[in-house]
Amino acid sequence: MIFTIITSSPTPENRPQSPTGLQTLSYLYGMSPGFAEWNDTISALATPPGTGAIGVIRISGTRAIEIAGSLFPAKDLSRQPPNTLHVGYLKDGMDVLDEVVISLFRGPASYTGEDVIEIGCHGSPFIQQKILDALSQRGARLARPGEFTQRAFLNGKLDLVQAESVADLIASNTSASRHAALNSLRGGFSHILKDLREQLIRFSSLIELELDFSEEDVEFADRSRFLTLLEEMGRVVTNLLESFRLGNVIRNGVSVVIVGRPNAGKSTLLNTLLRDNRAIVSEIAGTTRDTVEEILNIRGVIFRLIDTAGIRDHVRDDIESLGMDRSRKKIGEAAIVLYLYDVNTTSDAEFAAFFGEISAINPAIVPVANKTDETNAEILAQKRKAFPGTIFISAKNDTGIDVLTDRLYHLATGDQPLTENAVLTNARHVAALQEVSKAILEIRAGIEKNIPGDLLSPDIRRCLYYLGEITGEITNDDQLDYIFSKFCIGK
Ligand SMILES: Nc1nc2c(ncn2[C@@H]2O[C@H](COP(=O)(O)OP(=O)(O)OP(=O)(O)O)[C@@H](O)[C@H]2O)c(=O)[nH]1
Ligand SMILES: [Mg+2]
């Protein structure tokens, strides 16, 4: 049997008091924290800890308005309409805590779907702590990381992909990562997956129905239409899985290691790319002994540039040897390896030997010829022929650097637009979609072999399960706790 859980947000008229909609849902989902815990009113500082102009303390739960009201003698908050602001003194007995602005929201039209109070206070850690203590004494316990968003999810305000994208949005540090997170938050690929899942459920119920009439050998589910749907699903899932490469680039950045012989100009290149004198440059071979890492943003994509100790065959001392070991380790870990060589002193044989040595550790290698300012057109032409795929630059004179950054950008993104399409950035979604993809193949193979409906059902159910797991229509408590534990407190 196929069952689905239909979640509808409670309307103001039938807003449940006890048990809350959230409790009912947590029961349906088999949530671990007991009813009591979800019934708690929670509070936390929503702004970063420390001194600032203002701080915001958030309270959510059935007692949010009552608890905040008990500290706010100026007005009876329980009688105030939703989405209103109230200025006044917050008082703990006779003790004036602060002059604050209270924002009042009533569930379900709030972030969490519950009654929510936000107290805008002065940005003193001392004041904020006093307010949190007073709230906690009146029964608003401190929220766990992500608990506000977790409640929003459980109350049907957000699906799981959207909830996860809230954390991504907070963590976003480039326009590309912000766009990807916003796209998911707006429902990006959740909509696509939900739609496919619904269509699959329809077919699945027809096939289940056939089982009830198994003696009569009827087919309610049109197999050719089912195959068309599966093909469409396969396409969508493959595209999404392919987008993860880009998503990973957007989310985590791209590591680029600069390697080469001593004195090739690696540190000079790092400095030129960063437009900063970050690494020490000198004419002494073996200047850089440890790795130096810096961030470069190329059109919204973060590259982690790593300058390394020059690799040579005869080391001078143990420190240089250690530096080279580190260089080799970084080469193995990097997404892109820039092999920088001095175009004037590197023979064809030397180039080939070094290239061979490095590409054995990491094949994603881009040769970059440096010091073209010291060479002449004739030698350059010869080198262009001898070392195909090489980018010719002068790190010192800043020539050819834009060609190099273009190449880096191209290698990282494949020149796909970073903002238009839904991209997968989350490894959890990838793992689930890989299972969906496998299940689709199995269902298709089954239909093509004309196997009976009862044998198709387990694969269809598996497919539905993993689709539902992504958006959170099906979920388990361990997974949820894990996802939301990655949030900050107050979100
Ligand atoms: N003419 C010329 N000299 C350069 C260029 N790039 C770097 N140099 C010089 O080459 C020398 C070595 O530069 P570095 O950047 O320290 O070289 P490196 O590869 O980091 O060297 P190690 O750290 O010792 O491995 C310095 O004197 C630089 O000024 C270039 O494009 N043209
Ligand atoms: Mg150096």
Side-chain angles (χ1 to χ4, degrees), residues 255-296 303-334 336-347 350-359 361-362 365-384 386-387 389-408:
S255 53
V256 179
V257 64
I258 309 172
V259 296
R261 295 292 186 206
N263 256 356
K266 299 177 294 299
S267 302
T268 309
L269 175 59
L270 178 88
N271 291 344
T272 304
L273 283 167
L274 296 173
R275 314 248 161 248
D276 187 15
N277 277 333
R278 173 67 181 81
I280 299 171
V281 167
S282 90
E283 68 289 343
I284 304 163
T287 304
T288 308
R289 296 198 150 205
D290 202 350
T291 49
V292 178
E293 297 204 21
E294 280 299 326
I295 298 289
L296 175 70
F303 291 82
R304 285 192 309 283
L305 297 179
I306 306 156
D307 178 23
T308 60
I311 294 180
R312 61 176 148 194
D313 299 330
H314 304 288
V315 295
R316 280 179 310 184
D317 52 40
D318 287 351
I319 299 177
E320 188 172 9
S321 153
L322 277 176
M324 270 186 236
D325 288 348
R326 278 199 192 174
S327 302
R328 289 206 169 82
K329 185 163 176 281
K330 291 287 177 187
I331 294 168
E333 292 164 355
I336 299 172
V337 182
L338 296 181
Y339 163 31
L340 192 72
Y341 57 94
D342 182 339
V343 74
N344 308 294
T345 58
T346 309
S347 69
E350 156 67 10
F351 173 87
F354 197 94
F355 190 90
E357 186 188 336
I358 302 302
S359 56
I361 311 175
N362 188 334
I365 180 169
V366 179
V368 182
N370 192 26
K371 309 198 185 181
T372 54
D373 55 291
E374 278 187 347
T375 195
N376 61 45
E378 202 180 323
I379 296 179
L380 258 187
Q382 185 268 321
K383 297 289 184 190
R384 272 185 209 284
F387 308 148
T390 289
I391 297 169
F392 291 83
I393 64 165
S394 165
K396 196 164 149 185
N397 290 2
D398 198 350
T399 35
I401 300 298
D402 46 348
V403 180
L404 178 58
T405 50
D406 279 356
R407 177 78 70 86
L408 287 176

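Remember, it's 1-based here, ligands and their atoms both numbered in the order they're listed.
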Protein contact to [atom] [nearest heavy atom, distance to 0.1 Å]:
{"atom": "atom 1 (N) of ligand 1", "value": "D373 OD2, 2.9 Å"}
{"atom": "atom 6 (N) of ligand 1", "value": "N370 ND2, 3.2 Å"}
{"atom": "atom 8 (N) of ligand 1", "value": "K371 CE, 3.7 Å"}
{"atom": "atom 5 (C) of ligand 1", "value": "K396 CB, 3.5 Å"}
{"atom": "atom 21 (O) of ligand 1", "value": "N263 N, 3.0 Å"}

Quiz item: Looking only at atom types and distance, does a side-chain atom of T405 sit under 3.5 Å from a main-chain N or O of I401, one as donor and one as acceptor?
Solution: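 Answer holds: yes.
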
Quiz item: Does T308 reach ligand 1, in the sense of a heavy atom lying below 4.0 Å from it?
Solution: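 Contact check T308 vs ligand 1: negative.
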
Self-check item: Ring-ring centroid check F351 Y339, cutoff 6.0 Å
Solution: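 So the answer is yes for these two rings.
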
Practice problem: Kindly confirm whether the Mg ion (ligand 2) is within less than 2.8 Å of some N/O/S atom in T268? | Solution: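 It does not; every qualifying atom lies at 2.8 Å or beyond.
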
Self-check item: Heteroatom N/O/S of T288 within less than 2.8 Å of the Mg ion (ligand 2)
Solution: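 A backbone or side-chain N, O or S atom of T288 is under 2.8 Å from the Mg ion (ligand 2).
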
Polar atom proximity, [X] to ligand 1 (N or O, under 3.5 Å):
{"X": "G310", "answer": "yes"}
{"X": "V281", "answer": "no"}
{"X": "G265", "answer": "yes"}

Practice problem: Ignoring hydrogens, just give me the one of P262, A264, G286 whose non-hydrogen atom is nearest atom 24 (O) of ligand 1. | Solution: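 Answer by nearest heavy atom: G286.
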
Quiz item: Who's closest to atom 27 (O) of ligand 1 heavy-atom-wise, of K266, E374, E283?
Solution: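 Of the listed residues, E283 has the closest heavy atom.
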
Part of [X] with heavy atoms under 4.0 Å of ligand 1, whether side chain, backbone, both or neither:
{"X": "I284", "result": "backbone"}
{"X": "S282", "result": "backbone"}
{"X": "T268", "result": "both"}

